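Remember, it's 1-based here, ligands and their atoms both numbered in the order they're listed. Just so you know, these numbers use all the heavy atoms, side chains as well, and skip hydrogens, waters and symmetry mates. Bear in mind the structure is a predicted one, so any value in this text is a computation, not a measurement.
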Amino acid sequence: MESGIIRNALDFVKEVFENDFSGHDYFHTLRVFKTAARIAEYEDADVETVQLAALLHDVDDRKLSPETHENKDRACAFLKENGVSEARIEIICKIISEVSFSGGVVPDTLESRCVQDADRLDAIGAIGVGRAFAYGGSHSRPMYDPGIPPKLNMTREEYSKRKSTTINHFHEKLFLLKDLLNTNSARQIAEHREAFMQAFIEEFMAEWNGDR
Ligand code: ADP
Ligand code: NI
C-alpha cells in the first residue's frame, strides 16, 4: 500500500515525463521505483526514502531539464510542497546526485546504493536491450558495424565524440554493469538479465554472420 506522498510523487512524475521519448520516460521511472523498493526491502533500507529518490531521480536530469539539474530544483520543490523536512530533502537530493553521476560514484548510504542499483538494472536484460536500441535509433546510430570495434576505458569526452554502434554499447557499458552493483539483492536480479543479454548478443552475431 502506498502512502499519500508516494501517490503524489507518482502523479508528479507522470506529468513530468509525459512528452519524453529519449528513454527517460515515465515507465523507466516506474520500473526503477518498483525495483528499488524491492531491493530496499531485501536490504532492510528505509523503503520510503528509496521510493521517493527513485521516483524523483530523473526529473532534474541533465538532458531533460538542464536548467534545474544543478540544484535539483524540481525534486526539491515537490518535496517541499509535500511537507518533507529540509534534512530529509537533503538526503534524497544526495541520493539523486549519486545516482545520476555518470562517473559512477559509490554511494555512502544503503538507500542510495539501492536506487543506483535499480537504475543500473533497468539498463540490462530484455528492457536494457530495448532501451539500447531505442536510444541508438533516436541518436541515429547504426545497430552494428563490423568496421567499428568496441573500445573500453574511454574518457567521457572520447565517449561523447566517438561514432559508435548500439552493439558496441553492450561491450562498452552494459556488460560491465553487473560488476558495479552494490547490493547482493541486485546482483541476484542481474544474473538472469545478464545471461539473457549475452544470449541475445550471441544470437544477433550468429544471424549477422549467416550461421542461423
Ligand atoms: P541513465 O538511466 O543511467 O541516466 P543513460 O541516460 O546513460 O542512463 O541511458 C539511458 C538508456 O539509454 C540506457 O538504457 C542506456 O543503456 C541507453 N544508452 C545510453 N547510451 C547509449 C549508447 N551510446 N548506445 C545505446 N544505448 C545507450
Ligand atoms: Ni534513470
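- The cluster map of Ile, Leu, Val, Met, Phe, Trp and Tyr, joined by side-chain heavy atoms under 4.5 Å apart, puts Leu180 and Val99 in different clusters.
- Nearest heavy-atom pair, Ala54 versus Ala36, reported as atom, atom and distance to 0.1 Å: CB-CB, 4.0 Å.
- For ligand 1, the polar-atom distance check finds no N/O of Asp61 at less than 3.5 Å from any of the ligand's N/O atoms.
- In this structure, His139 does not count as a contact residue of ligand 1, since none of its heavy atoms falls inside 4.0 Å of the ligand.
- Remark: Gln198 CD is packed, more than 12 non-hydrogen atoms of other residues, nucleotides or ligands lying under 6.0 Å away.
- A heavy-atom separation below 4.0 Å is found between Lys173 and ligand 1.
- Residues Leu110 and Asp44 have side chains not in contact (no heavy-atom distance under 4.5 Å, counting atoms from C-beta outward).
- If you number the atoms of ligand 1 from 1 as listed, the ones under 4.0 Å from a heavy atom of Leu174 come out as 16 (O).
- When the side chains of ILVMFWY residues are joined at heavy-atom separations under 4.5 Å, either directly or via intervening members, Leu174 and Tyr144 end up in a single hydrophobic cluster.
- In this structure, His169 has its ring center at least 6.0 angstrom away from the ring center of His139.
- When only interatomic distances are considered, the shortest N/O to N/O separation between Thr165 and ligand 1 does not fall below 3.5 Å.
- Atoms of ligand 1 found under 4.0 Å from any heavy atom of Ala132, numbered from 1 in the order shown, are 25 (C), 26 (N).
- The Arg141 neighbourhood of ligand 1 comprises atoms 22 (C), 23 (N), 24 (N), with distances under 4.0 Å to a heavy atom of that residue.
- Under 4.0 Å from ligand 1, the heavy atoms of Asp119 that appear belong solely to its side chain.
- Closest N/O/S atom of Asp58 to the Ni ion (ligand 2): OD2.
- Atom OD1 is the N/O/S atom of Asp119 found closest to the Ni ion (ligand 2).
- With a 4.0 Å heavy-atom cut-off, ligand 1 is reached by no atom of Asp122.
- Counting only residues at least two apart or on different chains, no salt bridge (charged side-chain N to carboxylate O under 4.0 Å, His left out) pair has a member in residues 178-200.
- By the 4.5 Å heavy-atom criterion applied to side chains, His28 and His57 are counted as neighbours.
- Note that CG of Leu176 is 11.0 Å distant from CD1 of Ile124, once rounded to the nearest 0.5 Å.
- Residue contacts with ligand 1 for Lys63 involve side-chain atoms from C-beta outward but no N, CA, C or O (heavy atoms, distance under 4.0 Å).
- Looking at His169 next to ligand 1, an N or O pair under 3.5 Å apart turns up.
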